[in-house]
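Let me begin by presenting the structure, written as structure tokens, before commenting on it.
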There are 2 protein chains.
Amino acid sequence: MNAPGSVLKQGRKWDQVLEGARTVFMRDGFEGASVDDIVREAGVSKATLYSYFPDKRLLFLEVAKSECKAQSDAAIQQIEGSGDVREALTTAAGRMVRFFLSDVGMQVFRIVVGESQRFPEIGREFYASGPQMVRDMLIRFLNRAVSEGKLQIDDVALAADQFPELCKAGLHMQMVLGLRDAVSEEEIDRVIDGAVEMFMSQYGVAR
Amino acid sequence: MNAPGSVLKQGRKWDQVLEGARTVFMRDGFEGASVDDIVREAGVSKATLYSYFPDKRLLFLEVAKSECKAQSDAAIQQIEGSGDVREALTTAAGRMVRFFLSDVGMQVFRIVVGESQRFPEIGREFYASGPQMVRDMLIRFLNRAVSEGKLQIDDVALAADQFPELCKAGLHMQMVLGLRDAVSEEEIDRVIDGAVEMFMSQYGVAR
DNA sequence: TAATATATAAACTGTTCAGTTTAGTTTATT
DNA sequence: AATAAACTAAACTGAACAGTTTATATATTA
């Protein structure tokens with residue numbers, strides 16, 4: 001079940017540490033979170049934390065990975081199943097937008113972007129356990145739709161990169177930069193519909 | 001000419017300080033840059049720096065604003081002029097992509113995203129002097145094209161949000177996260193053409 | 001040339017914080 | 001109950017760093 005990604009680990013308070021770290025990192029960011037805050041939140045001694053994680057950065061990496069995986073597993077699910085492409089894309093877009101705009105999603109994004117220069121593996125691991133998953137899923141989905149004659153796409157990889165971007169449509173940037181603190185359901189729907197509409201108008205087969 | 005945005009300012013080494021700060025912030029990020037590094041780079045005393053800028057954050061804000069303004073002034077220029085919509089969009093897309101993927105553009109983005117939680121005005125000022133400018137320019141351009149019957153767009157604001165996102169198409173994310181360290185001209189063209197193609201296939205008027 | 005502005009180097013203050021160490025305690029296992 | 005593994009609190013180390021102060025120097029202006 002809750003495998004620790006890397007080769008670190010022992011004992012029984014691992015989850016407790018990770019949960020405390022999650023809370024504090026999500027609240028205060030990477031630099032903003034002190035290890036002392038984390039141990040206090042986790043109800044654990046500093047020595048225990050350091051017996052699990054060699055340093056703060058690795059601890060954050062573990063938190064980010066587990067968050068990402070949880071979210072993108074949920075977001076990926078079966079696009080499969082539903083026969084209608086338009087419907088499937090709408091569903092997928094909904095999941096994506098809600099993920100991008102969730103507190104956790106945005107906070108992880110902020111931290112990862114901010115720290116990936118100093119700690120490149122943070123960027124890599126985040127990408128691999130988040131955006132990459134979605135991208136791969138979309139590529140599979142689009143390839144299937146193409147081979148079934150439901151879509152017509154020359155460059156599937158490009159299309160798989162375009163769709164998630166369309167799902168941001170300015171909202172993500174505004175939220176991440178703190179220009180707004182909420183987005184209404186109407187706006188979300190408007191963006192989703194706009195994304196699907198635009199995507200289908202290029203790649204949909206004429207009927 | 002080089003007005004200092006806010007109401008701070010005096011004497012003759014202002015530019016020198018700003019230039020040194022620019023260099024160091026762009027190289028090391030916000031937290032990574034120490035004020036001592038900056039004064040060393042600028043060839044200026046710490047006291048002088050602090051006589052111009054009340055604190056490090058404000059100093060960075062000034063750097064970010066001036067970078068942003070320079071870049072987005074250049075990027076905005078006249079889309080106007082050229083009568084062909086497709087051509088104008090292609091040109092604009094080229095400027096945008098090259099801006100997103102430039103060292104300065106990415107570094108400012110990284111820092112702003114990373115720090116805008118702790119310092120909300122950084123996010124606001126960045127947005128106002130960068131993305132907002134582009135957005136407004138696009139809205140004006142699209143409205144004109146619509147009224148001239150060259151494009152058909154219901155929701156111009158949405159379209160103006162979609163186009164820049166299309167210009168990112170995964171590349172921006174990969175670069176910002178440090179998964180790549182360069183993008184070929186071919187890839188850039190592919191993304192630009194893809195963006196224009198998709199945009200026109202929805203909003204272009206049938207001919 | 002005297003007076004005023006601006007600049008400088010360098011030492012200092014105060015704080016924050018990651019990571020370590022120590023000496024002792026709790027929990028599980030046999 | 002004995003033993004070992006995991007945990008604890010708390011003090012400590014060492015370094016980094018923002019911002020201040022002081023005493024001095026160099027331009028600029030009147």
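Proteins get letters first, then strands, A, B, ... in listed order; numbering begins at 1 in each.
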Is there a side-chain contact (heavy atoms from CB on, under 4.5 Å) between B:Arg118 and B:Arg57 once you walk through the steps? CA-CA 10 Å; B:Arg118 283 202 286 177; B:Arg57 195 172 40 87; over 6 Å; no
Apply side-chain contact (heavy atoms from CB on, under 4.5 Å) to B:Glu121 and B:Leu61, showing your working. CA-CA 9 Å; B:Glu121 73 270 43; B:Leu61 199 53; 4.0 Å; yes
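The side chain of B:Tyr50 lies closest to D:dA18 when the candidates are D:dA18, C:dT21, C:dT20. Taking every side-chain heavy atom of A:Lys46 into account, C:dT20 is the closest of C:dT20, D:dT20, D:dT21. Considering only the side chain of B:Ala47, C:dA9 comes nearest among D:dA9, C:dA9, C:dG19.
Donor-acceptor pairing under 3.5 Å is lacking for the side chains of A:Arg135 and A:Gln132. Inspection of the A:Ser45 and A:Thr48 side chains reveals an N or O donor paired with an N or O acceptor under 3.5 Å. No hydrogens or angles considered: nothing links the side chains of A:Gln162 and A:Gln202 as a donor-acceptor pair under 3.5 Å.
Across the protein-nucleic acid pair, A:Leu49 atom CG and C:dC17 atom P stand 15 Å apart, rounded to whole Å. Whole-Å rounding puts the B:Phe30 CZ to D:dC17 P distance at 12 Å. For the pair A:Asp15 CG and D:dA6 P, the computed distance is 16 Å after rounding to whole Å. If you take CZ of A:Arg57 and C1' of C:dG19, they are 14 Å apart, rounded to a whole angstrom. Going from atom CZ of A:Phe53 over to atom P of D:dA6 covers 15 Å, rounded to whole Å. If you measure from atom CZ of B:Phe60 to atom P of D:dG19, you get 15 Å, rounded to the nearest angstrom. One can place CG of A:Asp55 at 5 Å from P of C:dG19, the figure rounded to the nearest angstrom. Distance, B:Glu115 CD to D:dA18 P: 12 Å, rounded to whole Å.
For B:Lys168 and B:Phe100, the positive end sits near the middle of the six-membered ring, less than 6.0 Å away and at most 45° from its axis. Figure legend: cation-pi geometry between B:Lys56 and B:Phe30, with NZ or CZ positioned under 6.0 Å from the six-membered ring centre and within 45° of its axis.
Of the possible polar contacts, none joining the B:Gln174 side chain to the B:Arg180 backbone as a donor-acceptor pair under 3.5 Å is found.
Within the 4.0 Å cut-off from OP1 or OP2 of D:dT8, at least one side-chain nitrogen or oxygen of A:Lys13 is found. An OP1 or OP2 oxygen of C:dT6 is reached within less than 4.0 angstrom by no side-chain nitrogen or oxygen of B:Tyr52.
No side-chain heavy atom of A:Leu49 sits less than 4.5 Å from a side-chain heavy atom of A:Lys13.
A heavy atom closer than 4.0 Å to some atom of DNA chain D occurs in B:Ala33, B:Ser34, B:Val35, these being the qualifying members of residues 32-45 of chain B.
Along DNA chain C, the nucleotide closest to A:Lys56 and the one closest to B:Gln16 are compared, and the more 5′ of them pairs with B:Gln16.
For C:dA5, the O4'-C1' to base torsion is within 90° of 0; the nucleotide is therefore syn.
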Would you write the dot-bracket representation of DNA chain D, where each base gets (, ), [, ], | or . depending on whether it forms a Watson-Crick or G-U pair under 3.5 Å and with which partner? |||||||||||||||||||||||||.||||
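For the pair A:Glu62 and A:Arg22, the salt-bridge criterion is not met [side-chain N within less than 4.0 Å of a carboxylate O].
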